[in-house]
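What you see below is based on every heavy atom in this structure, not just the backbone, and it leaves out hydrogens, waters and symmetry mates.
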Amino acid sequence: MSQKINIAIDGPAASGKSAAAQLLAKKIDYIFVDTGIIYRSFTLFCLQNNFNMNDTQLLISALKTFEIKWVNNHFLFNNQPISDEIYSSSVTKSVPIIAVIPEVRALFVEKIQDIVSAKGYIVVGRDITSVVLPDAELKIFLTSSLAARSERRWKQYLSEGVNITQKTVYQDMEKRDNGDKSRDIGQLTIVEDAIVFDNSNYDLSTTVEKLFKTFVEYGEKS
């Protein structure tokens, strides 16, 4: 495919979309953008500053002191690189609060749209195909069963030294899934022209190969 396109990938938490998209980007020489990094980084910023997560107006005001830059195909937040802390359990639990604030989403969506306007990007998130990049040439919804996704997240927590049961992770993820599907802002949905992949029984390399095949088939048709 001579002319580059934008690829939008949505999916629920722990569906493996970020890991798969990042590898696919390397394989086809595209630029990977994980929109969740922005929301997680802003959530971490708010937590570190001890902002009241129930004070919506305070969180909106905090946007004035949260600078986002895209430098050499990487995000910088207040001139600092991404911190591993954005994947901590505390951020994971609080990010849904941030993600439903309209003013926060509007600012972040505009930033992403500006970044990828030149084409050649793979963008992952919750509402990329429906809201952020509704005109993306290739749209994919990557999902897995709740059991498979909760096991992946549980193992991630264990690797971080977090003492938590798999049942608790399952219940937390089930609650988050329901919230993602029912919220008014940034709702997780499958758009009509998206290709749906269920990778419950696939490892990461198989998932990447299937995504690559879809990309190649799109190029052959266009």
With a 4.5 Å limit on heavy-atom distance, are the side chains of I9 and V123 in contact? no

Next on the checklist: For a salt bridge (charged side-chain N to carboxylate O under 4.0 Å, His left out) check, start with the C-alpha distance between E209 and K27, then their side-chain angles and the critical distance, and finish with the verdict.
Outcome noted: CA-CA 10 Å; E209 285 305 315; K27 191 177 183 69; 3.4 Å; yes

Quiz prompt | 4.5 Å side-chain heavy-atom contact, I68 and F108 | solution = yes

query = So do N79 and K69 actually touch side chain to side chain, heavy atoms under 4.5 Å?
reply = yes

Does some side-chain heavy atom of F141 sit less than 4.5 Å from a side-chain heavy atom of T129? no

Between the OH atom in Y121 and the CG atom in N73, the distance rounded to the nearest 0.5 Å is 6.0 Å

Query - Main-chain N/O of T207 paired with N199 side-chain donor or acceptor, under 3.5 Å - result: no

message = Quick check on D203: does its CG atom have over 12 non-hydrogen neighbours (other residues, nucleotides or ligands) under 6.0 Å away?
response = yes

Quick one, C46 and M53 - any side-chain contact, counting heavy atoms below 4.5 Å?
yes

d(K17 NZ, L24 CG) to nearest 0.5 Å is 15.0 Å

Q) Are any side-chain N or O atoms of Q113 and backbone N or O atoms of V132, one a donor and one an acceptor, separated by less than 3.5 Å? A) yes

Presence of salt bridge, K221 and E217, under 4.0 angstrom | no

**Prompt:** Is the backbone of N6 close enough, under 3.5 Å, to the side chain of E137 for a donor and an acceptor to pair up by distance?
**Reply:** yes

(Q) With a 4.5 Å cut-off on side-chain heavy atoms, are R105 and I101 touching? (A) no

CE of M173 to CD of E151, rounded to nearest 0.5 Å, is 11.0 Å

ask   = Are E85 and R40 ion-paired here, with the side-chain N under 4.0 Å from a carboxylate O?
value = no

Worksheet item: Should the ring pair F51 and F45 be called parallel, tilted or perpendicular, given that the plane angle runs from 0 to 90° and is split at 30 and 60?
Response: perpendicular

Task: Any donor-acceptor N/O pair, N78 side chain to E67 backbone, under 3.5 Å - done: yes

Taken to the nearest 0.5 Å, the spacing of S182 OG from D177 CG works out to 10.5 Å

Q) Is it true that a side-chain atom of Y170 and a backbone atom of T165 form a donor plus acceptor pair closer than 3.5 Å? A) no

- prompt: Judged by atom type as modelled, is there a donor-acceptor pair below 3.5 Å linking the side chain of S144 to the main-chain atoms of R149?
  reply: no

One should read off an interatomic distance between I37 CD1 and I82 CD1, to the nearest 0.5 angstrom, of 3.5 Å

task: Look only at the side chain of D10 and the backbone of I128, and say whether a donor-acceptor pair between them is shorter than 3.5 Å.
output: yes

- Quick one: are T92 and R176 in side-chain contact, heavy atoms under 4.5 Å? yes

>> Is it the case that atom CD in Q48 sees more than 12 heavy atoms from other parts of the structure closer than 6.0 Å?
In response: yes

Okay, side chain of K4, backbone of D29: is any donor-acceptor separation there less than 3.5 Å? yes

Do the two ring centres, one from F77 and one from F75, sit under 6.0 Å apart?
yes

Output for pair (L44 CG, S88 OG), nearest 0.5 Å, gives 6.5 Å

**OP:** For the residue pair I195 and L138, establish whether any side-chain heavy-atom pair is separated by less than 4.5 Å.
**Re:** yes

ask   = Are the side chain of S150 and the backbone N or O of L146 linked by a donor-acceptor pair below 3.5 Å?
value = yes

> Do any N or O atoms from the side chain of W154 and from the backbone of I164 form a donor-acceptor pair under 3.5 angstrom?
Replying inline: yes

- request: Determine whether more than 12 heavy atoms belonging to other residues, nucleotides or ligands lie under 6.0 Å from atom CD of E110.
  value: no

